[in-house]
Amino acid sequence: VRTRSFQFGLPISLNSNLVSVQNEQQNNDFGQTVFGFGMGLYTAVSIPEKLSVSIEGVPSYGFSNSSGGLFGGSKKGLVARARINLLNLFPNRSLSFGYDYKISSYDIDNDEFNYDLTNHNITLGISF
(Lines give C-alpha, C1' and ligand atoms only; values in the text may rest on other atoms or scores of the structure.)
Protein backbone atom coordinates (compact mmCIF):
# COMPACT_ATOMS: atom_id res chain seq x y z
CA VAL A 1 0.00 0.00 0.00
CA ARG A 2 1.52 3.31 -1.03
CA THR A 3 0.14 6.85 -1.02
CA ARG A 4 1.86 10.22 -0.89
CA SER A 5 1.82 10.32 2.93
CA PHE A 6 1.43 6.67 4.02
CA GLN A 7 3.07 3.34 3.20
CA PHE A 8 2.42 -0.15 4.52
CA GLY A 9 3.99 -3.42 3.46
CA LEU A 10 4.85 -7.01 4.34
CA PRO A 11 8.60 -7.49 3.79
CA ILE A 12 9.78 -11.05 3.15
CA SER A 13 13.32 -12.06 4.02
CA LEU A 14 15.52 -14.96 2.87
CA ASN A 15 18.89 -14.96 4.58
CA SER A 16 22.03 -16.95 5.17
CA ASN A 17 24.75 -16.35 7.74
CA LEU A 18 28.19 -17.72 8.46
CA VAL A 19 29.69 -17.34 11.93
CA SER A 20 33.33 -18.32 12.37
CA VAL A 21 35.16 -18.30 15.72
CA GLN A 22 38.87 -18.95 16.14
CA ASN A 23 40.76 -19.28 19.41
CA GLU A 24 44.44 -18.34 19.15
CA GLN A 25 45.39 -20.09 22.42
CA GLN A 26 43.74 -23.39 21.50
CA ASN A 27 43.30 -25.21 18.25
CA ASN A 28 39.53 -25.15 18.61
CA ASP A 29 37.89 -23.48 15.59
CA PHE A 30 34.13 -23.30 15.27
CA GLY A 31 31.91 -22.36 12.35
CA GLN A 32 28.17 -22.22 11.97
CA THR A 33 25.96 -21.65 8.94
CA VAL A 34 22.31 -20.63 8.91
CA PHE A 35 19.65 -20.55 6.23
CA GLY A 36 16.47 -18.77 7.28
CA PHE A 37 13.31 -16.98 6.23
CA GLY A 38 11.07 -14.34 7.74
CA MET A 39 8.12 -12.08 7.17
CA GLY A 40 7.22 -8.88 9.00
CA LEU A 41 5.62 -5.45 8.80
CA TYR A 42 6.72 -2.10 7.40
CA THR A 43 4.98 1.24 7.76
CA ALA A 44 5.94 4.81 6.97
CA VAL A 45 4.15 8.10 7.51
CA SER A 46 5.24 11.40 6.02
CA ILE A 47 4.38 15.05 5.84
CA PRO A 48 5.65 15.85 2.34
CA GLU A 49 8.71 18.12 2.26
CA LYS A 50 8.83 18.22 6.11
CA LEU A 51 9.04 14.87 7.93
CA SER A 52 9.02 11.12 7.36
CA VAL A 53 8.95 8.34 9.96
CA SER A 54 9.37 4.65 9.14
CA ILE A 55 9.30 1.49 11.24
CA GLU A 56 10.08 -2.07 10.12
CA GLY A 57 10.22 -5.38 11.97
CA VAL A 58 11.00 -8.81 10.51
CA PRO A 59 11.06 -11.89 12.74
CA SER A 60 12.81 -14.91 11.21
CA TYR A 61 13.38 -18.61 11.72
CA GLY A 62 16.07 -20.78 10.23
CA PHE A 63 18.03 -24.02 10.30
CA SER A 64 21.56 -23.92 11.68
CA ASN A 65 24.37 -26.40 11.11
CA SER A 66 27.75 -26.37 12.86
CA SER A 67 31.10 -27.34 11.40
CA GLY A 68 32.20 -28.36 14.90
CA GLY A 69 30.25 -31.61 14.48
CA LEU A 70 27.46 -33.37 12.64
CA PHE A 71 24.64 -31.71 14.53
CA GLY A 72 22.24 -28.93 13.78
CA GLY A 73 19.51 -26.87 15.29
CA SER A 74 17.50 -23.72 14.83
CA LYS A 75 18.02 -19.97 14.82
CA LYS A 76 15.33 -17.47 15.77
CA GLY A 77 15.86 -13.81 15.10
CA LEU A 78 14.37 -10.35 14.84
CA VAL A 79 15.54 -7.33 12.86
CA ALA A 80 13.82 -4.02 13.67
CA ARG A 81 14.54 -0.57 12.23
CA ALA A 82 13.19 2.92 12.90
CA ARG A 83 14.02 6.12 11.00
CA ILE A 84 13.05 9.76 11.46
CA ASN A 85 13.92 12.06 8.57
CA LEU A 86 13.65 15.84 9.00
CA LEU A 87 13.32 16.92 5.38
CA ASN A 88 14.60 20.30 4.18
CA LEU A 89 15.60 21.25 7.71
CA PHE A 90 18.30 23.46 6.16
CA PRO A 91 18.11 24.70 2.56
CA ASN A 92 18.15 21.50 0.45
CA ARG A 93 19.54 19.50 3.41
CA SER A 94 17.88 16.81 5.50
CA LEU A 95 18.73 15.25 8.84
CA SER A 96 18.13 11.57 9.57
CA PHE A 97 18.06 9.69 12.89
CA GLY A 98 17.92 5.92 13.00
CA TYR A 99 17.92 2.95 15.35
CA ASP A 100 18.47 -0.69 14.39
CA TYR A 101 17.97 -3.68 16.67
CA LYS A 102 18.93 -7.25 15.86
CA ILE A 103 18.70 -10.35 18.01
CA SER A 104 19.70 -13.90 17.09
CA SER A 105 19.12 -16.93 19.29
CA TYR A 106 20.76 -20.24 18.39
CA ASP A 107 19.39 -23.53 19.74
CA ILE A 108 21.76 -26.33 18.72
CA ASP A 109 21.35 -30.02 19.62
CA ASN A 110 24.54 -29.87 21.64
CA ASP A 111 24.01 -27.21 24.38
CA GLU A 112 27.71 -26.27 24.22
CA PHE A 113 27.06 -24.20 21.07
CA ASN A 114 23.82 -22.43 22.13
CA TYR A 115 24.16 -18.66 22.32
CA ASP A 116 22.30 -15.37 21.86
CA LEU A 117 23.55 -12.28 20.01
CA THR A 118 22.08 -8.79 20.43
CA ASN A 119 23.04 -5.76 18.32
CA HIS A 120 22.05 -2.10 18.76
CA ASN A 121 22.98 0.47 16.10
CA ILE A 122 22.28 4.22 16.19
CA THR A 123 22.70 6.30 13.04
CA LEU A 124 22.80 9.99 12.26
CA GLY A 125 22.89 11.26 8.72
CA ILE A 126 22.95 14.57 6.86
CA SER A 127 22.12 14.74 3.18
CA PHE A 128 24.09 16.99 0.83
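Please read these numbers as outputs of a predicted model, since none were measured by experiment.
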Query raised in the report: For the residue pair H120 and Y101, does the interplanar ring angle fall in the parallel (under 30°), tilted (30 to 60°) or perpendicular (over 60°) class?
Result: tilted

**Report entry** Pairwise distance CG(L117) to OH(Y106) - rounded to 0.5 angstrom
**Finding:** 6.0 Å

Query - Single hit among V45, L86, N85 for side-chain contact (heavy atoms from CB on, under 4.5 Å) with L51 - result: L86

Report summary line: Separation between NZ (K75) and OG (S60), nearest 0.5 Å, reads 4.5 Å

Query - Other residues, nucleotides, ligands: >12 heavy atoms within 6.0 Å of I122 CD1 - result: no

Query - Path from I47 to L87 over hydrophobic side-chain contacts below 4.5 Å - result: no

**Report entry** Backbone of E56 reached by a side-chain donor or acceptor of T43 within 3.5 Å
**Finding:** no

Query - Flag side-chain contact, heavy atom, 4.5 Å: Y99 against R81 - result: no

Query raised in the report: Should we count CG of N121 as having more than 12 external heavy atoms under 6.0 Å?
Result: yes

Query raised in the report: Rounded to the nearest 0.5 Å, how far apart are OH of Y61 and CZ of F37?
Result: 8.0 Å

Query - Beyond-backbone contact of D107 with K76, side-chain heavy atoms, under 4.5 angstrom - result: no

Report task. Would you check, one step at a time, whether the test side-chain contact (heavy atoms from CB on, under 4.5 Å) holds for D100 with R83? Result -> CA-CA 9 Å; D100 296 354; R83 296 289 183 271; 2.8 Å; yes

Query raised in the report: Do the side chains of L78 and I12 join up, straight or via other hydrophobic residues, at under 4.5 Å, putting them in one cluster?
Result: no

**Report entry** Shared hydrophobic cluster, F97 / F90 (ILVMFWY, side-chain heavy atoms < 4.5 Å)
**Finding:** yes

Query raised in the report: Side-chain contact, heavy-atom cut-off 4.5 Å: L95 with I84?
Result: no

Query raised in the report: Do the side chains of V1 and L41 join up, straight or via other hydrophobic residues, at under 4.5 Å, putting them in one cluster?
Result: yes

Query raised in the report: With the 4.5 Å side-chain cut-off for hydrophobic clustering, are L18 and F35 part of the same group?
Result: no

**Report entry** Exercise: identify the closest heavy-atom pair between R93 and S127
**Finding:** CD-O, 3.0 Å

